[in-house]
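Below is one structure; the comments refer to it alone.
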Amino acid sequence: MRNINHDRICPVPGYDKHFRFCRFAGIEMIPVPLAEDGPDMDLVEKLAAEDEEIKGMWCMPKFSNPYGCCYSDETVRRLARMKTAAADFRLFWDDAYRYHWIYKDHQVLDILKECKACGNPDRPFLFGSTSKITMAGSGVTFIAGSKANIDFIKKQFTSQTVGWDKMNMLRTVRFLQDIPHLKEHMAKYAEIIRPKFDAVLNTFDRELSGTGAGDWTKPDGGYFITFAAYPGCAKRIVELCRETGVIITSAGEMHPSGVDPEDKYIRIAPTYPPLSELKDAMEIFSVCVRLAAAEKRLAEKDGLQ
Ligand SMILES: Cc1ncc(COP(=O)(O)O)c(C=O)c1O
């Protein structure tokens, strides 16, 4: 029997809370691989066209969590114009990292404009927040879409709350003022974050380049670096790190239902620890990566796998 809450396309690796929400709501998740220019669009188009139970798709168009990729113009246009078996198919366009460049900014096409041009104005729900612009956990959230979608959302909000945190909204508007000020603010953010990303990337280059023990993304912005370990090693690496006191997001978190079929992906979040601790942690991580890969290769050689 099919679930009653419909299915959703989930580019992977992706954001654990998107997946947790789907699980909570009983929505079946269909993983689709992500690449440098966005999700595998041949597969997305095929899935969306052939199954009317597929009602939507998570999208993180810019500096996606945790991959760090940005959707190309072609990806955005294909998402806007693709044929969907479900007439009410929706793109959940989570633009959480729109202003979070670190090395270089990227422009992503306006999905609402593209959808309107293709006669699909109600396809995208766009949302984001100032959570990583002002204060995590006390940011202001915003949502955009066609008039029909906003009318629909407003009806829901009316039954969810009687009023907003208007003082926080006012504080946010007075502090950020307008887009040029927001960009100025985010340039300071980039100054703070860049040395931390440098530390991770330089350590990986020095300790892991050419070892075959793993590969990693080099995003131009966002909050994360994705580490792709030697297949079958991600859980072991996280465990080895934990034994030394280096705590890393559990392996599998970036996949629907917490299952990474290749046991390969690890999310590195460099922003929280002080720089000196981060450098130590990444040296330890690199040792654990090499150790886990050596164990795995030995086991493979011995025919134990
Ligand atoms: C893609 C994405 N969406 C949303 C959020 C959280 O936003 P908020 O704090 O506004 O719920 C995050 C934070 O990690 C995120 O990475």
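First listed ligand is number 1; within each ligand, the first listed atom is number 1.
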Could you please spell out the steps behind the side chain to side chain contact (heavy atoms under 4.5 Å, CB included) verdict for His181 and Phe175?
CA-CA 9 Å; His181 281 96; Phe175 177 66; over 6 Å; no
Assign the ring pair Trp216 / Phe227 to parallel, tilted or perpendicular, where the plane angle (0 to 90°) is split at 30° and 60°.
parallel
On the 0 to 90° scale, with breaks at 30° and 60°, tag the Phe92-Trp58 ring pair as parallel, tilted or perpendicular.
tilted
Any idea how Tyr223 and Tyr189 line up, ring-wise: parallel (<30°), tilted (30 to 60°), or perpendicular (>60°)?
parallel
For ligand 1, give me the residues whose heavy-atom distance to it is below 4.0 Å, by chain and number please.
Tyr15, Met60, Asn65, Asp94, Ala96, Tyr97, Ser129, Ser131, Lys132
Is the shortest distance from a Lys or Arg side-chain nitrogen in Arg20 or Glu253 to a carboxylate oxygen in the other one below 4.0 Å?
yes
Glu283: what forms a salt bridge (charged side-chain N to carboxylate O under 4.0 Å, His left out) with it, not counting sequence neighbours?
Arg206
